[in-house]
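One structure is given below, encoded as structure tokens.
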Amino acid sequence: MAIDYSQLIPNNVDLSSDRRLQRALENWQPRFLDWWKDMGPDGTSAFDVYLRTAVSTDTNGWANFGYVKMPEYRWGIFLAERDQNRQIAFGDNKGKPAWQDVPGEHRSTLRRLIVTQGDTEPASVEQQRLLGKTAPSLYDLRNLFQVNVEEGRHLWAMVYLLHAYFGRDGREEAEAMLERHSGDPDKPRILGAFNEETPDWLSFFMFTFFTDRDGKYQLASLAESGFDPLARSCRFMLTEEAHHMFVGETGVGRIIQRTCELMKEHKTDDVRALGAIDLPTMQKYLNFHFSVSLDLFGQEASTNAANYYTQGVKGRYLETRIDDDHLLVNDTYEIETMEDGRIVKKAVPALQALNERLRQDYIEDCARGVVRWNKTIEKAGINFEMKLPHRAFDRRIGAFAGQRVSPDGKLLSEAEWKANESKWLPTDEDRAYIKSLMGPAVTQPGKFAHWIAPPARGINNQPADFEYVRFN
Ligand code: BYC
């Protein structure tokens with residue numbers, strides 16, 4: 001169904017045919033806008049930003065580019081096309097028609113997953129609220145805002161499901177999405193990584209590389225859900241998510257490139273003296289964002305995950321492309337865990353290991369990005385390799401929570417950890433240095449902060465000096 005932009009809330013779900021739902025969402029809309037004003041990108045209401053907006057949910061040509069004031073962005077409800085013959089692909093309900101409504105017995109599980117997913121979206125906007133003040137270029141500023149409005153739309157996607165399928169509880173949950181805030185000691189966001197700060201652009205790029213990539217894997221698993229409206233919502237969200245990870249990968253890549261250029265030109269490792277970001281500091285930020293994002297996959301052995309799968313509410317990454325029985329009751333999966341004070345490999349029932357399996361898919365994807373970063377370093381003839389730390393390094397959730405483990409996976413005493421921590425994780429001094437580089441925003445078209453290289457090409461093939469944001 002085509003997107004109807006003539007409505008107050010653009011949508012492709014025929015919202016006008018359900019007056020009650022339409023009214024409920026139109027009631028939530030001004031609260032969302034108030035939240036955007038208070039907690040979204042600070043002081044940006046009057047800016048004209050060169051943004052893409054969804055015009056159709058087809059794979060070809062869904063995006064339209066043009067200048068938009070962010071509070072006027074057409075946030076809406078866009079689900080991927082319905083496949084009339086879709087069947088549940090896994091678990092006890094395998095082979096049954098996908099649910100068009102929420103089965104009573106899975107209501108609370110589905111609500112919980114949708115709320116957890118939805119909560120992350122406004123959280124990230126809150127985390128990134130002040131970054132516009134220190135943008136390294138108009139190009140980067142525009143990308144930040146694109147990410148922000150799309151996270152706002154992802155919140156809409158989950159709020160629509162809550163309103164449309166979960167009655168009063170759903171409406172209450174939708175309200176609560178705007179009441180919890182990132183880092184709020186009384187009403188924090190649900191998942192750990194979304195209460196961390198994103199105080200500088202290196203953190204932002206690492207976040208969009210590592211944490212948005214968790215989004216990719218979680219959304220892909222929910223896109224397999226037997227609850228078809230959730231699956232269709234997530235399918236469309238995934239098309240938007242790709243750009244966020246592009247921002248992260250190229251952002252980190254451009255910092256690396258700039259650093260390498262300066263190292264070569266000045267024949268020195270000490271690029272801090274030249275106002276750039278040294279590779280060991282980037283490695284520390286990588287370590288931090290990777291381990292915080294690994295926590296987002298939950299426990300290594302999880303009965304929750306087993307239940308989600310057996311019930312048909314959350315699948316595996318690319319479930320329908322996997323060649324097995326999609327029941328997993330007789331299978332095992334090898335995980336790493338702690339036993340008798342040691343890190344050991346251990347086969348556990350595959351159903352319980354689904355979080356770990358998804359984490360493994362994620363780690364392999366992250367590793368491919370790191371290889372690309374390393375190519376840039378290698379091409380510059382510099383002897384340094386970025387590495388993902390061991391999955392047990394600096395974890396807060398799961399079997400390794402609270403263990404002291406080195407980036408190469410050795411269990412350490414507290415004293416050994418303390419002696420090395422500052423080599424592995426950003427110190428206050430590192431953070432202060434990175435902060436000191438975050439100058440006033442670079443607002444001249446085509447100009448870039450000293451510590452980052454320009455991108456290989458512009459957005460929507462625009463020239464390097466394109467005016468991506470007009471301040472008015
Ligand atoms: N922090 O059995 P377990 C994105 C809790 S990012 C705090 O392993 P489960 C985005 C857990 O709730 C993607 N608590 O749990 C990115 C459970 O609590 P109860 C977001 C945590 O349910 C960038 C207990 O520990 N989407 O989209 O299998 C920008 C036992 O754990 C954490 C989703 O996450 C944590 N990190 O797995 C914008 C998808 N981890 O039951 C957006 C929906 C675990 O003991 N969520 N706990 O009270 C899920 O699928 C699952 O809730 C989780 C957790 C995978 C997160």
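Each ligand, and each atom within it, is numbered from 1 in the order the structure gives. Residue indices begin at 1 and follow the sequence shown.
Protein residues with a heavy atom under 4.0 Å from ligand 1 are R112, L113, T116, Q117, T120, E121, S124, E151, I190, L191, G192, F194, F207, T211, D212, D214, G215, Q218, D295, L296, F297, G298, Q299, S302, N304, A305, Y308, K314, N355, I397.
A salt bridge is defined here as a Lys NZ or Arg NE, NH1 or NH2 lying under 4.0 Å from an Asp or Glu carboxylate O, and D140 with R254 meets this definition. We find that D295 and R359 are not joined by a salt bridge, their nearest charged nitrogen and carboxylate oxygen being 4.0 Å or further apart. Using a cut-off of 4.0 Å between Lys/Arg side-chain N and Asp/Glu carboxylate O, D365 and K216 are scored as salt-bridged.
Residues that satisfy the side-chain hydrogen bond (donor to acceptor under 3.5 Å, both in side chains) test with W28, not counting sequence neighbours, are absent from this structure. In terms of the side-chain hydrogen bond (donor to acceptor under 3.5 Å, both in side chains) criterion, Q403 has no residue partners (sequence neighbours excluded). Residues meeting the side-chain hydrogen bond (donor to acceptor under 3.5 Å, both in side chains) test with T337, sequence neighbours left out: none.
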